[in-house]
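Here the structure is laid out as structure tokens; the discussion comes afterwards.
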Amino acid sequence: MNYNKFPRPIDDGKANHLLNISLPNISLKNQQQNLLKLKRADTFRLVLYFYPMTGNPNKLLPRNWDQIPGATGCTSETCSFRDNYEDLIKLNAIPIGITTQEIGDIKEMTNRLLIQYDVLSDSQNILLNALKIPHFEKERKIYFKRLTLIVEKNVVKKVFYPIFPPNKHINEVLEWLKKN
């Protein structure tokens, strides 16, 4: 997909506070409706990528979705994490997608796209409010602005924001993980 025809997101400074913060003791449901705790004692790094929403072939996108800076490209971003899953694991990192979509939509997407890792629903905006994640509203629904946090020992070590183009973002993540 050629992302040059879509509006580019700008750095509005709304993610600046996230570097070096500790993750809150919050659990969110994944595509199988299992709770996944974010604050963990694991030795691997978490790559938490927040995205607005993945489209569903059987549903219409919100009106003028492609005109919202950074909104388009969630499916290609998710597929890029899927396609590089083994490379992330080799770098001691596990990807976790997070969206404000409902679990049914997440389950449909993970089944259709063969996503082998957890994608979490923050449909109640619990994590969004706890971390003050940048977001926008469209048609009375709240969506994350696209960003990625790399977390080590429950502390955010790297913030990628804004992200553009979304299909190339995985390269930035892999490069950072290799150097750090």
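Each residue takes its place number in the sequence, starting with 1.
A distance of 11.0 Å separates CD1 in I94 from CG in L48, rounded to the nearest 0.5 Å. A distance of 11.5 Å separates OG of S123 from CG of L128, quoted to the nearest 0.5 Å. Atom CG of N92 and atom CG of L177 lie 9.0 Å apart (nearest 0.5 Å). Summarising the geometry, atom CG belonging to L18 is positioned 11.5 Å from atom OG1 belonging to T148; distances are rounded to the nearest 0.5 Å. The distance from the CD1 atom of I89 to the CD atom of Q116 is 8.5 Å, given to the nearest 0.5 Å. The CD atom of Q101 sits 12.0 Å away from atom CG of D122, with the distance rounded to the nearest 0.5 Å.
Here the side chains of Y51 and V119 are in contact, with some heavy-atom distance below 4.5 Å. With a 4.5 Å cut-off on side-chain heavy atoms, L149 and F50 count as touching.
The salt bridge (Lys or Arg N to Asp or Glu O under 4.0 Å) pairs that include a residue from residues 31-57 are R40-D42, where partners are two or more places apart or lie in different chains. Every pair tested for ring-ring contact (aromatic ring centres under 6.0 Å, His included) that includes a residue from residues 104-124 fails, sequence neighbours excluded, so the list is empty. Evaluation of the salt bridge (Lys or Arg N to Asp or Glu O under 4.0 Å) test over residues 8-26, restricted to residues two or more places apart or in two chains, returns D12-K145. Residue pairs meeting the salt bridge (Lys or Arg N to Asp or Glu O under 4.0 Å) criterion with at least one partner in residues 87-100, sequence neighbours excluded, are absent. The salt bridge (Lys or Arg N to Asp or Glu O under 4.0 Å) pairs that include a residue from residues 169-180 are E175-K179, where partners are two or more places apart or lie in different chains.
Side-chain atoms of H135 do not come within 3.5 Å of backbone N or O of P52 as any donor-acceptor pair.
For I10, the CD1 atom counts as loosely surrounded, since its 6.0 Å shell holds 12 or fewer non-hydrogen atoms of other residues, nucleotides or ligands.
Side-chain heavy atoms closer than 4.5 Å link hydrophobic residues (I, L, V, M, F, W, Y) into clusters, and following such links, even through other members, never connects F144 to F164. Connection of I98 to V155 is not established within any shared hydrophobic cluster, with ILVMFWY side chains joined at heavy-atom distances below 4.5 Å, either directly or through further cluster members.
Minimum heavy-atom separation, Q31 to I106: CB-CG2, 3.8 Å. The heavy-atom pair separating I163 from P9 by the smallest distance is O-CG, 3.7 Å.
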Throw together a table of side-chain donor-acceptor distances under 3.5 angstrom for residues 72-83, partners on residues two or more places apart or in other chains.
unit_1	atom_1	unit_2	atom_2	d
T72	OG1	D66	OD1	2.7
S76	OG	Y3	OH	2.5
S76	OG	G73	O	3.1
E77	OE1	R146	NH1	2.6
T78	OG1	Y49	OH	3.3
T78	OG1	C74	O	3.0
S80	OG	E77	O	2.7
R82	NH1	L113	O	2.6

Donor-acceptor contacts, no H, no angles, side chain residues 136-143, under 3.5 Å, sequence neighbours left out:
unit_1	atom_1	unit_2	atom_2	d
K138	NZ	R63	O	2.8
E139	OE2	R63	N	2.9

With a 3.5 Å cut-off and sequence neighbours excluded, list the donor-acceptor pairs that the side chains of residues 23-30 form with protein atoms.
unit_1	atom_1	unit_2	atom_2	d
N30	OD1	Q32	N	2.9
N30	OD1	Q33	N	3.2
N30	OD1	N34	N	2.9
N30	ND2	D118	OD1	2.7

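Under the side chain to side chain contact (heavy atoms under 4.5 Å, CB included) rule, M53 has a single partner from T100, L61, D105, which is L61. When each of L36, V47, V151 is checked for a side chain to side chain contact (heavy atoms under 4.5 Å, CB included) with I96, only L36 meets the rule.
For H169, the ring pair (Phe, Tyr, Trp, His ring centres under 6.0 Å) partners are F160, not counting sequence neighbours.
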